[in-house]
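These notes concern the structure reproduced below.
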Number of protein chains: 2
Amino acid sequence: MSERDSERSISQTVRAQLALRDMILSGQLRPGERISELQAVEITSVSRTPVRLALVRLEDEGLLQAIPSGGFMVKAFTERDILDSIELRGTLEGLAARFAAERGASARSLEPLKECLADLDQLVRQDPVSVEAFSAYVTMNARFHALLTELSASPPLIRQIDRVSALPFASPSGFVMAQSALPEAHQILLIGQDHHRIVVDAIENREGGRAEAIMREHARLAARNLRLALRNRTHLDLLPALALLQSPAQ
Amino acid sequence: MSERDSERSISQTVRAQLALRDMILSGQLRPGERISELQAVEITSVSRTPVRLALVRLEDEGLLQAIPSGGFMVKAFTERDILDSIELRGTLEGLAARFAAERGASARSLEPLKECLADLDQLVRQDPVSVEAFSAYVTMNARFHALLTELSASPPLIRQIDRVSALPFASPSGFVMAQSALPEAHQILLIGQDHHRIVVDAIENREGGRAEAIMREHARLAARNLRLALRNRTHLDLLPALALLQSPAQ
DNA sequence: ATAGCAGCTTATGTATACATCTTGAATTCA
DNA sequence: TGAATTCAAGATGTATACATAAGCTGCTAT
């Protein structure tokens with residue numbers, strides 16, 4: 001299949017990076033655990049050179065932490081770290097929205113965002129929302145946030161947002177699936193979608209302050225989802241990202 | 001001397017990273033220029049393995065850009081990129097100040113910041129400000145910003161601020177030296193120091209919004225310095241960071 | 001019994017040889 | 001003359017061997 005072709009074509013470095021990332025996010029490698037190069041070599045079946053590069057990449061992705069004396073360990077996050085990362089993303093996306101508004105995003109460039117908004121509207125309209133719709137929402141929501149970020153037309157800002165969102169629990173869709181298990185599911189989805197509507201409106205009307213504020217608040221929905229999910233403790237399996245959380249949870 | 005000892009003790013990777021960074025920031029490697037591993041090997045006199053690691057590190061530092069087909073080139077920045085990076089830093093430092101205020105930084109933890117503030121006051125008091133005082137200001141100012149960042153007590157945020165500030169033209173002291181060549185020098189210094197005073201006051205009084213706003217505005221002083229320096233075109237040599245600027249300047 | 005030291009095991013840091021792919025230049029054909 | 005193709009030179013990707021440093025275990029001495 002073409003899958004095998006693509007697997008063959010990608011570099012060993014990337015292959016190792018993917019394999020190690022999966023093991024970290026799935027909890028097979030636990031927070032605080034040291035991960036030696038040879039161990040990583042055994043896991044990934046590639047030699048030390050690409051393994052080492054993969055480890056360095058995962059370090060600046062934020063999944064690993066360098067040990068002063070050499071080597072790496074799986075990074076551990078507190079609930080506070082996660083909440084701060086979400087607030088951080090909200091702040092950066094707020095800045096992106098403000099830039100888009102102040103710099104006068106053209107009607108043409110707003111088009112894809114509006115289409116995405118309409119697609120999301122379709123998904124949100126159902127009640128109750130099917131699991132498939134939730135899954136589709138996650139994809140479309142990620143697209144919405146990506147489009148919004150690009151609308152800032154600021155490479156340095158886009159770069160930073162991408163880096164923050166690389167942490168799975170800080171990404172825009174990190175906790176959407178958690179909602180599906182909550183009774184407040186549909187309500188929260190509607191509120192989030194209203195935020196989307198508002199930010200587009202604000203950008204269109206050049207209301208920079210409003211656009212920034214609503215994106216900050218929007219990120220706090222994710223924080224709310226996280227807290228609800230942790231308190232209810234239902235379907236935590238929907239959130240592999242929480243494998244990185246220190247002791248208390250899981 | 002101990003210098004030779006320390007030079008011997010640091011790793012080849014770090015040595016290569018420092019050497020290459022110097023060459024980039026000093027303009028010996030020009031923006032857009034491809035930098036091959038062998039070339040880097042010749043420059044740094046270390047083998048390809050540590051050179052490669054150094055290149056990867058410089059990439060996520062933001063000084064290099066990966067070429068899709070492999071290898072790296074020196075990243076080029078527009079004036080807009082630089083201004084955006086400064087605004088970005090201001091936004092993040094604003095968030096840090098707000099966190100410090102909202103979370104109630106203890107009187108004890110505020111102490112070092114206040115001492116630093118007093119030291120800066122001493123330096124600013126002279127008129128005209130000597131070159132040595134400017135240089136001391138740069139150091140002390142960097143310390144002030146570092147202390148403020150740490151006061152947020154948020155590892156994820158601290159990490160992001162450090163990453164943004166790694167770009168020399170986005171760092172808190174990036175354009176202070178440019179002032180020394182400007183007629184408005186002392187005035188700008190006084191204004192900046194007043195910002196410092198205000199943010200400490202705001203944090204002490206738990207005024208999160210005020211603390212955030214003043215840090216955002218504070219960063220815009222750097223943007224002002226940049227614009228003035230570029231327009232006047234005097235003493236651009238004081239700003240090695242501008243070696244990364246695309247064509248028009250320099 | 002505990003603390004400290006010695007030696008060994010294993011980790012990471014580095015260099016280099018080999019394989020593969022990209023790129024540029026030259027030549028040939030239309 | 002221009003464009004396309006092929007070949008060569010050089011680049012990056014990968015593996016592995018070697019050097020050095022860290023950490024651990026076990027033994028000895030107090």
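Naming convention: chains lettered A, B, ... in sequence-line order (proteins, then strands); numbering from 1 in each chain.
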Problem set entry | Carboxylate-amine/guanidinium proximity below 4.0 Å for A:Arg143 and A:Glu150 | no
Exercise. What residues in residues 43-51 of chain B put a non-hydrogen atom under 4.0 Å from any atom of DNA chain C?
Worked result: B:Val46, B:Ser47, B:Arg48, B:Thr49, B:Pro50
For this session: Would you classify B:Leu38 as touching base, sugar-phosphate or nothing, given that sugar-phosphate means primed atoms plus P, OP1 and OP2, and contacts are heavy atoms under 4.0 Å?
Result: base
Problem set entry | Whole-Å distance separating the CD1 atom of A:Ile35 from the P atom of C:dA11 | 13 Å
For this session: Can you label the angle between the B:Phe169 ring and the B:Phe77 ring as parallel, tilted or perpendicular, going by 30° and 60°?
Result: perpendicular
Problem set entry | Minimum heavy-atom distance between B:Leu83 and B:Ala223, given as atom pair plus value | CD2-CB, 3.7 Å
Exercise. What's the spacing between B:Leu95 CG and A:Thr91 OG1 if we round to 0.5 Å?
Worked result: 4.5 Å
Exercise. So does B:Lys75 pair up with B:Asp81, basic N to acidic O under 4.0 Å?
Worked result: no
Problem set entry | Sidechain N-carboxylate O distance under 4.0 Å for A:Arg159, B:Asp60 | no
For this session: State plainly whether the residues B:Glu42 and B:Arg48 are in salt-bridge range, i.e. N to O under 4.0 Å.
Result: no
Exercise. Counting side-chain heavy atoms from CB outward, which of C:dT12, D:dT12, C:dA15 is closest to B:Gln12?
Worked result: C:dA15
Exercise. Between B:Glu87 and B:Arg80, does at least one N-O distance fall below 4.0 Å, as a salt bridge requires?
Worked result: no
For this session: Could you go through the side chain to side chain contact (heavy atoms under 4.5 Å, CB included) check for A:Thr13 and A:Val51 one step at a time?
Result: CA-CA 6 Å; A:Thr13 300; A:Val51 152; over 6 Å; no
Any protein N or O atoms within reach of nucleotides 4-7 of chain D? Criterion: under 3.5 Å, listing atom names and distances.
none

Please enumerate all protein N or O atoms sitting under 3.5 Å from an N or O of nucleotides 22-24 of chain C, with distances to 0.1 Å.
| residue | atom | partner | partner atom | Å |
| --- | --- | --- | --- | --- |
| C:dT23 | OP1 | B:Ser69 | OG | 2.8 |

Seminar exercise, completed: Shortest non-hydrogen pair, B:Ala222 vs B:Arg89, comes out as CB-NH2, 3.9 Å
Problem set entry | Rounded distance in Å - CG (A:Leu53) to P (D:dT14) | 8 Å
Seminar exercise, completed: Here the distance between atom P of D:dT12 and atom CG of B:Leu64, to the nearest Å, is 12 Å
Exercise. So, are B:Arg21 and B:Glu61 salt-bridged, with charged N and O less than 4.0 Å apart?
Worked result: yes
Problem set entry | Nearest-Å distance for atom pair CD1/C1', residues A:Ile10 and C:dC21 | 17 Å
